[in-house]
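Worksheet: the structure to be examined is printed underneath.
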Amino acid sequence: MVLIFAERALLTDGWADHVRVTVVGGIITKLTRDTAPVDGDTRVSALLPALSNLHSHSFQRAMAGMTEHRVAGRDSFWTWRDLMYRFLDRLTPDQMEAIAALVFMEMQEAGYAAVGEFHYVHHHPGGAPYTDIAELSNRIFSAATTTGIGLTHLPVLYTFGGAKEQPLAAGQLRFGNSVDRFSELLQAVRANARAMPADTRVGIAPHSLRATNPADLARVLTIADGKPIHIHVAEQPREVSDISSWLGARPVEWLLDNAPVNADWCLIHATHMTAEETERLAKTGAVAGLCPITEANLGDGPFNGPGWLAAGGRFGIGSDSNVRISLTEELRTLEYSQRLRDIARNVMVPKEGSVGEFLYTNAALGGAQALGRNAGRIAEGHLADLTAIDLTHPTLCALGAHQILDGLAFAAPDTIVTDLWSAGRHQVRAGRHILRDQITKVWRRAVKDLVEAM
Ligand code: ZN
């Protein structure tokens with residue numbers, strides 16, 4: 001049993017004072033307001049529902065800072081991808097696990113209780129499967145176990161190197177599976193997930209329309225089994241034109257016309273949509289998986305926030321390339337991308353109200369939906385995905401209750417997080433992950449070896 005006493009807690013009807021939270025088996029079983037702490041309670045300043053980070057490729061964290069060098073005529077998303085492929089020529093299972101552990105730890109310290117790992121590196125360099133076809137998924141499971149983060153594992157179907165069924169390029173061979181081999185992999189992953197904590201989920205992720213074809217996509221959806229379905233879509237203008245010329249429709253338009261898109265789906269990026277696509281997609285109940293820092297880093301372009309919110313669209317936040325893991329910076333980058341485009345302030349809130357509160361509370365709900373987690377709010381019967389922040393911090397100490405989440409989203413450093421529970425597992429205490437030193441030491445060794453081998 002876990003017992004937490006919070007000076008303030010953000011409950012479903014707003015801020016409440018002196019709240020005691022009882023957690024049994026990872027689930028919030030009791031909330032008591034206007035009460036006093038009891039000896040043995042973990043005492044915190046302000047308790048929030050923790051966010052689920054809905055989109056991560058953890059291994060890409062090891063490339064952070066290596067792709068910001070301009071080469072005349074060659075700086076683009078696609079040259080970034082070339083470096084990623086060189087990286088993948090060397091990456092070993094041990095290194096993948098070490099990198100994922102650091103990434104998951106950093107996510108928890110930033111206030112994320114769970115992660116959707118969109119996992120597409122499956123095989124040896126060259127494309128031969130490991131003896132255990134799920135070897136690299138097992139390494140993600142190990143990293144999740146080490147850190148205690150809540151995991152929604154999303155094995156990726158990646159069959160083609162580009163639109164119109166182009167063969168995989170050399171750098172993509174580690175990703176490749178037919179639908180049959182993907183089914184075999186998925187079975188192994190689902191079996192192994194049974195040994196993981198009860199909040200672990202396994203979904204599926206057709207990588208993108210360009211990495212599959214219509215017949216294979218239809219087939220793979222039959223084995224999704226009501227679990228989360230994630231897909232990259234409309235991230236770059238070139239992807240939109242490639243898909244349009246191949247399939248006769250823009251990517252989001254094609255999906256809406258040809259796939260049963262609903263609330264089980266999470267469409268990652270969805271950056272380049274027409275107004276009609278935006279409205280139609282919002283009305284399906286699918287989550288838009290927004291990755292503001294990565295989208296800014298890769299020069300993807302801004303999301304159509306006003307159109308999405310006007311249509312009642314749901315969204316969550318992902319750290320994608322993990323070039324920088326910062327929950328507060330994701331929220332403010334999302335809003336600032338809108339302000340810069342529209343020459344306006346306070347864009348990401350429908351009608352009126354606090355932008356920080358709208359972004360935070362909706363990203364909590366949307367992220368939980370996308371990962372199939374019964375979380376995103378502090379309520380009895382929900383997973384204890386909880387984060388605590390320090391209201392005495394200089395950034396927040398002068399703010400009223402209605403301004404706290406604006407202070408968090410726009411002004412605070414992530415070090416304002418004092419505690420983090422993933423399904424009741426208390427992994428961050430006094431601002432540090434409980435295994436920070438050990439995880440960091442293994443990471444240093446792994447990335448040194450990796451870079452030396454390149
Ligand atoms: Zn991605």
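Each ligand, and each atom within it, is numbered from 1 in the order the structure gives.
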Below 2.8 Å, any N, O or S contact between C291 and the Zn ion (ligand 1)?
no
Using a 4.5 Å cut-off on heavy atoms from C-beta on, say whether the side chain of F175 contacts that of V121.
yes
Using modelled atom types only, decide if a donor and an acceptor are shared between the side chain of H433 and the backbone of Q108 within a distance under 3.5 Å.
no
With a cut-off of 2.8 Å, does any N, O or S atom of H269 fall short of it relative to the Zn ion (ligand 1)?
no
Closer than 2.8 Å to the Zn ion (ligand 1): does that hold for any N, O or S atom in D320?
yes
Answer yes if the side chains of Q60 and D320 hold a donor-acceptor pair under 3.5 Å, and no otherwise.
no
At the Zn ion (ligand 1): angle between H55 atom NE2 and H57 atom NE2, to 10 degrees
100°
Using only heavy-atom distances, determine whether the side chains of N177 and H123 contain a donor-acceptor pair under 3.5 Å.
yes
